[in-house]
Trainee: 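Sharing a structure, written as structure tokens. Questions coming.
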Protein chains: 2
Amino acid sequence: MPVNPEELREIPAFRDLPVGQVQSVAALMVRRHFAPGQIIFVEGEKSGSLWFVFEGHVRIIKESSNGRLQGLCLMTRGKCFGGCPLFDLDNNPATAQALDSAILFVLPGGAVEHLRQHNPDLVKALLHIYSQRLGHLARVSEVLGSWSVSERINDCLLTYARHPARQQSVVELTHEKLAALSGTVREVVTRHLNLLERQGIIRIESGHIVILNADALLPPCAWERQQSAV
Amino acid sequence: MPVNPEELREIPAFRDLPVGQVQSVAALMVRRHFAPGQIIFVEGEKSGSLWFVFEGHVRIIKESSNGRLQGLCLMTRGKCFGGCPLFDLDNNPATAQALDSAILFVLPGGAVEHLRQHNPDLVKALLHIYSQRLGHLARVSEVLGSWSVSERINDCLLTYARHPARQQSVVELTHEKLAALSGTVREVVTRHLNLLERQGIIRIESGHIVILNADALLPPCAWERQQSAV
DNA sequence: CTGAGGATGTGACTTAAATCACGTCATACG
DNA sequence: CGTATGACGTGATTTAAGTCACATCCTCAG
């Protein structure tokens with residue numbers, strides 16, 4: 001299933017590229033659909049393709065020996081993931097899973113290598129993407145290393161909030177998923193959310209959480225938001 | 001102070017490059033010395049230079065609001081760090097500090113940009129370095145997210161061991177520094193090391209730790225070693 | 001309407017690990 | 001020599017957060 005160049009332009013990495021180049025990239029890509037819960041690639045695989053989210057949500061996770069899994073990142077429309085094994089890295093360092101019905105554009109590993117040699121602009125885009133990921137993962141490392149669980153949950157709420165109307169943020173994740181993303185367990189999330197509600201910082205409604213006072217969720221240090229990983 | 005092309009070839013990233021290219025890169029580099037404890041760059045700075053360790057040790061750390069600092073990585077001879085802000089990332093995501101008297105080769109940000117456009121082979125080397133870092137940071141995220149403190153200390157012992165003679169591994173770090181690298185506090189390191197000694201897994205001597213049974217330190221899941229970050 | 005299954009609430013308990021508050025032991029240095 | 005000074009050892013205490021065990025509620029298919 002081919003990828004339409006007009007659609008491809010909706011991905012930020014390709015927005016500023018000349019039309020001709022976008023077309024040549026689109027010709028190398030494949031459109032793929034994933035069902036909710038479906039695994040896109042698993043940690044340890046060698047697949048070096050680059051994936052772009054056109055519709056839906058994809059989460060990047062690592063699961064460890066003890067069975068617990070740690071969410072690294074949630075990818076939304078326009079984000080890019082994968083591609084780590086492209087340049088001699090042995091294999092994918094994490095697993096990617098579709099959270100809902102998702103449409104992804106795939107740029108196969110071979111095509112990336114081809115573009116690398118023939119298209120310097122794209123290389124810059126690629127380096128940009130990798131740099132962003134490094135920043136994000138460095139941040140994750142800090143968050144995991146020295147923030148408390150409550151701070152991590154707050155951070156997740158802010159990071160994964162959607163903004164349907166102005167002045168209105170809602171989070172549409174189950175407690176279970178929030179727990180996975182913030183590296184804790186469901187019960188702790190439940191308790192902390194209830195605490196936040198009693199403090200008037202959020203409102204819990206059926207199936208979603210409304211953020212009333214985003215500033216109160218901010219960690220001690222102010223942070224520039226950034227998004228992207230693995 | 002210029003960099004000698006012969007010396008530059010000792011850095012793995014440049015080992016496989018044609019002599020001519022190594023020379024042109026060496027011409028763009030600067031040799032710099034750092035004293036023990038000296039800061040090379042701090043988190044938040046915009047400097048986009050690439051740093052290569054020629055001699056000595058450099059640690060990459062993040063320090064967070066509560067004052068605790070989390071070591072991400074220890075860079076040894078031949079490793080490369082820095083360069084994150086090169087491609088539109090706002091600033092360095094972590095701090096770099098020389099641990100001992102160190103000699104580094106610097107490739108200024110402008111030179112990297114110049115090489116990117118004129119030298120596709122170097123771009124591949126760059127992407128390789130970035131990929132490695134992504135893998136490493138993803139691993140750090142897992143370690144911090146779902147390993148116990150004892151496992152993290154064990155991991156540090158293995159990661160930062162030196163091998164002066166065959167069949168002999170020693171770690172020359174104070175408990176304090178081990179604590180920083182494994183994201184805990186000194187007392188916990190002390191207790192855990194004593195426990196390991198009682199189990200005959202290590203021997204503690206004045207100023208260093210001898211690893212007697214490396215296998216016993218391995219975490220539940222076997223791991224390929226890799227080294228590099230930010 | 002009704003039962004099943006998922007998502008959520010909550011109390012009681014356990015535990016890893018941080019914190020506090022010391023004491024000890026080197027080595028360094030006037 | 002004595003005495004600083006930093007590195008190390010260790011008990012007692014506290015606390016955050018994970019675990020267990022249920023109760024409750026919502027929603028949706030049949």
Side-chain angles (χ1 to χ4, degrees), chain A residues 36-37 63-71 99-100 143-157 160 170-199 202-210 219-220, chain B residues 36-37 63-71 99-100 143-157 160 170-199 202-210 219-220:
Chain A
E63 61 190 312
S64 51
S65 41
N66 66 25
R68 257 251 289 302
L69 47 80
Q70 170 66 51
L99 280 182
D100 41 25
V143 169
L144 288 175
S146 46
W147 290 18
S148 73
V149 167
S150 334
E151 287 169 322
R152 298 211 302 264
I153 298 173
N154 289 349
D155 187 61
C156 273
L157 288 176
Y160 299 124
V170 299
V171 180
E172 284 169 322
L173 293 167
T174 78
H175 295 190
E176 196 76 54
K177 281 173 184 161
L178 266 175
L181 286 166
S182 53
T184 181
V185 293
R186 185 190 59 81
E187 294 94 317
V188 175
V189 170
T190 299
R191 276 191 250 266
H192 185 246
L193 288 182
N194 287 332
L195 179 65
L196 288 180
E197 183 167 41
R198 277 198 293 282
Q199 295 174 344
I202 63 172
R203 188 155 24 97
I204 299 175
E205 297 176 2
S206 77
H208 61 276
I209 299 155
V210 184
Chain B
E63 60 190 312
S64 51
S65 40
N66 66 25
R68 255 252 289 300
L69 48 82
Q70 170 66 51
L99 280 183
D100 40 26
V143 169
L144 289 175
S146 45
W147 291 17
S148 73
V149 168
S150 335
E151 288 169 322
R152 298 211 302 264
I153 297 173
N154 289 349
D155 188 61
C156 273
L157 288 176
Y160 299 124
V170 299
V171 180
E172 284 170 323
L173 292 168
T174 78
H175 295 190
E176 196 77 53
K177 280 176 184 158
L178 266 175
L181 286 166
S182 53
T184 180
V185 293
R186 183 190 59 81
E187 293 95 317
V188 175
V189 171
T190 299
R191 277 190 251 266
H192 185 247
L193 287 183
N194 287 333
L195 179 66
L196 288 180
E197 184 167 40
R198 278 196 293 281
Q199 296 173 343
I202 63 172
R203 187 153 27 94
I204 299 175
E205 298 177 1
S206 79
H208 60 276
I209 300 155
V210 184

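Small disclaimer: the values here were computed from a predicted structure and weren't measured. Naming convention: chains lettered A, B, ... in sequence-line order (proteins, then strands); numbering from 1 in each chain.
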Trainee: Only counting residues at least two apart or in another chain, list the ones meeting side chain to side chain contact (heavy atoms under 4.5 Å, CB included) with L195(B).
Mentor: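 Per chain and number, L195(B) pairs via side chain to side chain contact (heavy atoms under 4.5 Å, CB included) with H192(B), R198(B), Q199(B).
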
Trainee: Can you list the residues that meet the side chain to side chain donor-acceptor pair (under 3.5 Å) rule with T174(A), with sequence neighbours excluded?
Mentor: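 Per chain and number, T174(A) pairs via side chain to side chain donor-acceptor pair (under 3.5 Å) with no residue.
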
Trainee: Would you kindly give the CG-to-P distance between N154(A) and dA17(D), to the nearest whole Å?
Mentor: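 Answer to the nearest Å: 12 Å.
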
Trainee: If you restrict it to nitrogen or oxygen atoms, what contacts under 3.5 Å exist between nucleotides 3-5 of chain C and the protein, and what is each distance?
Mentor:
none

Trainee: List in chain and number order the residues that pass side chain to side chain donor-acceptor pair (under 3.5 Å) with T190(A), two or more places apart in sequence or in another chain; answer none if no residue qualifies.
Mentor: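 Testing T190(A) for side chain to side chain donor-acceptor pair (under 3.5 Å), a comparison that skips the adjacent residues, returns H175(A).
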
Trainee: Tell me the interatomic distance from I204(B), atom CD1, to dC8(D), atom C1', rounded to whole angstroms.
Mentor: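 Between C1' of dC8(D) and CD1 of I204(B): 9 Å.
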
Trainee: Classify the side chain of E176(B) versus the base of dC8(D) as yes if they form a donor-acceptor pair under 3.5 Å and no if they do not.
Mentor: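 Answer no: no donor N or O sits under 3.5 Å from an acceptor.
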
Trainee: Of the nucleotides dC8(D), dT10(C), dT19(C), which one has an atom closest to the side chain of H175(B)?
Mentor: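 Given the options dC8(D), dT10(C), dT19(C), the side chain of H175(B) is closest to dC8(D).
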
Trainee: At a cut-off of 3.5 Å, list every protein nitrogen or oxygen paired with a nitrogen or oxygen from nucleotides 14-17 of chain C, distance to 0.1 Å.
Mentor:
from    : atom 1 : to      : atom 2 : distance (Å)
dA17(C) : OP1    : V149(B) : N      : 2.7

Trainee: To the nearest 0.5 Å, what is the distance between OG on S148(A) and CD1 on I153(A)?
Mentor: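 Separation between the atoms: 8.5 Å.
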
Trainee: If we ignore hydrogens and angles and just use 3.5 Å, is the side chain of R152(A) paired with the main-chain N or O of S182(A) as donor and acceptor?
Mentor: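 Checking the backbone N and O of S182(A) against the side chain of R152(A), a donor-acceptor pair under 3.5 Å is found.
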
Trainee: Between P on dA7(D) and CG on L193(B), what's the gap in Å once rounded to a whole number?
Mentor: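 L193(B) atom CG is separated from dA7(D) atom P by 15 Å.
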
Trainee: R203(A): which residues meet the salt bridge (Lys or Arg N to Asp or Glu O under 4.0 Å) condition with it, sequence neighbours left out?
Mentor: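 For R203(A) the salt bridge (Lys or Arg N to Asp or Glu O under 4.0 Å) partners, ignoring immediate neighbours, are E205(A).
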
Trainee: Return whichever of G207(B) or R191(B) has its heavy-atom-nearest nucleotide of DNA chain D closer to the 5' end.
Mentor: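 Nearest-nucleotide comparison on DNA chain D picks G207(B).
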
Trainee: Residues two or more places apart in sequence or in another chain: which of them pass side chain to side chain contact (heavy atoms under 4.5 Å, CB included) with L178(B)?
Mentor: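 Per chain and number, L178(B) pairs via side chain to side chain contact (heavy atoms under 4.5 Å, CB included) with C156(B), L157(B), L173(B), V189(B), L193(B), I209(B).
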
Trainee: Without decimals, in angstroms, what is the distance between L195(A) CG and dT10(C) C1'?
Mentor: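 After rounding, the gap between these two atoms is 14 Å.
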
Trainee: Take V210(A) and I204(A) through the side chain to side chain contact (heavy atoms under 4.5 Å, CB included) test and state the conclusion after the steps.
Mentor: CA-CA 6 Å; V210(A) 184; I204(A) 299 175; over 6 Å; no

Trainee: In whole Å, I'd like the distance from the CG atom of L173(A) to the P atom of dG6(C).
Mentor: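 So the two atoms are 19 Å apart, to the nearest Å.
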
Trainee: Would you mind building the protein contact string for nucleotides 22-27 of chain D? One character per nucleotide, 5' to 3', B for base within reach (heavy atoms under 4.0 Å), S for sugar-phosphate only, - for untouched.
Mentor: ------

